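This report concerns only the one structure given below.
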2 protein chains.
Amino acid sequence: MSAQLQNAPTIAAQEHTPVTPRTSQPRERGIPEATVARLPVYLRALQALHESGTPTVSSEDLAEIAGVNSAKLRKDLSHLGSYGTRGVGYEVEYLIYQISRELGLTQDWSVAIVGIGNLGRALANYGGFGTRGFRIAALLDADVSIVGDKVAGLAVGHIDTLEDVVEKENVSIGVIATPASAAQGVCDRFIEAGVTSVLNFAPMVLNVPPGVDVRKVDLSIELQILAFHEQRKSDGHVESGRIGQTGNAR
Amino acid sequence: MSAQLQNAPTIAAQEHTPVTPRTSQPRERGIPEATVARLPVYLRALQALHESGTPTVSSEDLAEIAGVNSAKLRKDLSHLGSYGTRGVGYEVEYLIYQISRELGLTQDWSVAIVGIGNLGRALANYGGFGTRGFRIAALLDADVSIVGDKVAGLAVGHIDTLEDVVEKENVSIGVIATPASAAQGVCDRFIEAGVTSVLNFAPMVLNVPPGVDVRKVDLSIELQILAFHEQRKSDGHVESGRIGQTGNAR
DNA sequence: CCCACTTTGTGCGTACTTTCACAAGGGCGT
DNA sequence: ACGCCCTTGTGAAAGTACGCACAAAGTGGG
Ligand SMILES: NC(=O)c1ccc[n+]([C@@H]2O[C@H](COP(=O)([O-])OP(=O)(O)OC[C@H]3O[C@@H](n4cnc5c(N)ncnc54)[C@H](O)[C@@H]3O)[C@@H](O)[C@H]2O)c1
Ligand SMILES: NC(=O)c1ccc[n+]([C@@H]2O[C@H](COP(=O)([O-])OP(=O)(O)OC[C@H]3O[C@@H](n4cnc5c(N)ncnc54)[C@H](O)[C@@H]3O)[C@@H](O)[C@H]2O)c1
C-alpha cells in the first residue's frame, strides 16, 4: 500500500551531543509538526529584526511580529532547547542559527521543477527561492517546443532526463507544476529516482509510499475555504471571527 | 489592536444556536476547521466520480480517492447532515450539491488580484479558477507600464482604482501577489474597501482586524518544512515516516 | 416477511495543540 | 551583595482532532 496519514508522530530518541557551543541544550528529538510549520515564520521575522540591527528580542515582541501567541512561541522554541535568557529575551542572531540548523537550512537542497507552464515559470523566476538554501537544479517539461528555452537563466530540459538530473544534481525535492493528469506519473518517477520530498501544485491527491513527504499547495482549496467563511459572515451571524494568517500546518 | 494569531481558535465553539427549533438531527452550526479544509478535496473527488458516471460511492472508496481515513471522512460528512444511505453509500451528485452549498460555492464570488507579476499572471491565466464559482473581477498593479495590458482577457487596472473596483464588482476575496513590502498596504486597502477575505502570496504576516480572514500560501515555508523532514530522514534515522499529502488546515 | 450482508453514523479513548498562569532564572541598579 | 523587575520555560487545563470499533439502518435475496 501506500497512501494516507496526515501527520506522523515524529519519533524522538537518540542524539549524541550536539555541536552547540557552551550552554548547549540537549534538545530532544521530536518536534511537533505544528511547531515545525511555524519555525519558518519565526525565522523570517528574526531575519527582518537582524537586518534592522536588533540584537535581542523578547518572546512577546517576536510573537507579535510572527502573529502568534507568545506562550506558543516560547513553547515552540523550547523544543529546540533553551536559547533564551530570562529577563532579556532571545539573541536574534543565535536564534536564527539554531532555527536554520533545525530546519536543515544550513545545507543546500537541490530542487527540480517539472512543468514549466505559467506556474512553473513563475516559480523558476521567483527569487526568494535561492535565498535560503534552496537551489533550482533543473526545469523539466514534456513539451518539446519548450525544451531548450531559457527560463530564469536555466535551460528547460526534457522530462525524460528526470532520472539523470535527479542523480547528477542530487535533487532532493521535486516540485510538480504540471496539469493534474500528469502529476501522479511525474511523482512516481521522482520517487523511483530517489526523491523523497515532493511539493505538489497540481490539484490532485498524490499516492505515495511511506517515507515520502508530499506537501500540496492548492489555490482552489484556499479559495473555497475563504468562501466558506465568507458565506458564514453574511449568513446572518454577527459572529464568525476568524483571525490572522492561516496557512498550512503539518 | 489587531495583529497576531496564526491559526484561528476556531470559532465554532460557543454558538449554541438555539436556532433550529425543529428535530435535532440537522447540522449544527460549527463545522470544524479541519473538516472545512478537507471538504474541497472530497468535492473534487466526487466531481471526478460524477464525470466518470459513478452514481454512488461508499465512504471507503471516497476516502481512498481523497487520501484520508474512511472514518474521518464519514465524520466530516456527518457535520453536514446525514446524507448517506447505510448499506449503499453516498449519492455522488447529491453530495456534491450538499458540499458545494456548505462551502458557499452555489453562489459566485468575485476575486480581485493585485500584483500582476510572474505569479499574478500565472494566477490570472489559471483556468481552474472560474470552474468553481470564482470569477476574476479585476487585475490591478501599481506599475503603469503594466496597466492596460491584457492578461487572460482582462485589462490590468491601476491599483488606485481598487476601491472603485471592489465596490462596482462586489469583490469579496482579495488576492495579494505583490512583493512583501507592498502587501500590508494592499491588504489595508482591501479591508478598508470592505473585503473581508484575503489570500496572501507575499511572504509576510499580514496584520488584520478581527473578522477578516487571511489565508497565506507560502512557497518558502513549504520548502523549509520539506527540508526539515528530509534532514531527519538522512539524520541517521531509519525512521521518520511522514506520509501522504499534507496541506493546509485550519 | 425474515435473514444475511453492507455501510453509515458515532461513542470513546488517545494523541496533539493551544493557552494560561506562574515559579524559577538572570540582569541590573543601588 | 541584595533585592526588584522582567522574561523564560513549562506544568496543567482546555480544546481539537483522529481513528477504532460497533450498533443501527437499509438493501437485496429467498
Ligand atoms: N497557474 C496557476 O496559478 C495555478 C494555480 C493553482 C494550481 N495550478 C496548477 O498547477 C499546474 C500547472 O499550472 P499552469 O498554469 O502552469 O499550467 P500550464 O498548462 O501552463 O503548464 C503545465 C506545463 O506542464 C507541462 N507538462 C504536461 N505534461 C507533462 C508531463 N507529463 N511531464 C512534464 N511536463 C508536463 C506542459 O508542457 C506545460 O508546460 C496545474 O496542475 C494547475 O492546476 C496552477
Ligand atoms: N513567483 C513565485 O513563484 C512566487 C512564489 C512564492 C511567493 N511569491 C511571492 O508572490 C509575490 C509576487 O511574486 P512575483 O514573482 O509575481 O513578483 P513580481 O515582482 O513579478 O510581481 C510583483 C508585481 O506587483 C506589483 N506591485 C508592486 N507594488 C505594488 C503595489 N503597491 N500595488 C500593486 N501592485 C504592486 C509590481 O508592479 C509587479 O507587477 C511576491 O511577494 C513573492 O515573494 C512568488
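Values in this document were obtained by computation on a predicted structure and should not be read as measured data. Quick note on labels: first sequence line is chain A, next is B, and so on, each numbered from 1.
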- Nearest-neighbour nucleotide for the A:Ser58 side chain, C:dT17, C:dA21, D:dT7 considered: D:dT7
- Message: Can you identify which nucleotide, out of D:dC22, C:dT19, D:dG19, has its nearest atom closest to the B:Lys72 side chain?
- Response: D:dG19
- Message: Any carboxylate oxygen within less than 4.0 angstrom of a Lys/Arg side-chain nitrogen, looking at A:Lys233 and A:Glu230?
- Response: yes
- Message: Tell me the interatomic distance from B:Glu64, atom CD, to C:dT7, atom P, rounded to whole angstroms.
- Response: 14 Å
- For the pair made of OH in A:Tyr94 and P in D:dT8, what is the distance, rounded to whole Å? 16 Å
- Item | Distance, rounded to the nearest Å, where B:Ile31 contributes CD1 and D:dT16 contributes P | 15 Å
- Task: To the nearest Å, give me how far apart CG (A:Leu77) and C1' (D:dT10) are.
- Result: 13 Å
- Does the ring center of A:Tyr83 lie less than 6.0 Å from the ring center of A:Tyr94? yes
- Query: Can you name the residues that form a side chain to side chain contact (heavy atoms under 4.5 Å, CB included) with A:Gln47, not counting sequence neighbours?
  - Reply: A:Leu43, A:Ile96, A:Arg132
- Item | Exercise: do B:Arg101 and B:Thr106 side chains pair donor with acceptor under 3.5 Å | no
- The side chain to side chain contact (heavy atoms under 4.5 Å, CB included) partners of A:Ser78 (sequence neighbours excluded) come to A:Lys75
- Query: Is the shortest side-chain N to carboxylate O distance from A:Glu102 to B:Arg232 below 4.0 Å?
  - Reply: yes
- How many Å lie between CG on A:Leu73 and P on D:dT7, as a whole number? 14 Å
- A:Asp61 atom CG is separated from D:dC6 atom C1', nearest whole Å, by 12 Å
- Where along residues 84-92 of chain A does a heavy atom come under 4.0 Å from DNA chain C, residue by residue in number order? A:Thr85, A:Arg86, A:Gly87, A:Val88
- Message: Measuring from the side chain of A:Lys75 (C-beta onward, heavy atoms only), which nucleotide among D:dG9, D:dA17, C:dT18 has the closest atom?
- Response: C:dT18
- Query: OP1 or OP2 of C:dT18 sitting under 4.0 Å from any side-chain N/O of A:Arg38?
  - Reply: yes
- Query: Quick one: which of C:dT18, C:dG9, D:dA21 gets closest to the side chain of B:Ser82?
  - Reply: C:dG9
- Message: Nearest whole Å is fine: how far is C:dT18 P from B:Glu33 CD?
- Response: 13 Å
- Expected output: side-chain A:Trp109 to main-chain A:Gly104 donor-acceptor under 3.5 Å: yes
- Task: Mind calculating the distance between CG (B:Asp76) and C1' (D:dG19) to the nearest angstrom?
- Result: 12 Å
- Query: Just to confirm, is there a sub-4.0 Å distance from OP1 or OP2 of D:dT7 to any side-chain nitrogen or oxygen of A:Ser59?
  - Reply: no
- Query: Given D:dT10, C:dT10, D:dA17, which nucleotide is nearest the side-chain atoms of B:Arg74?
  - Reply: C:dT10
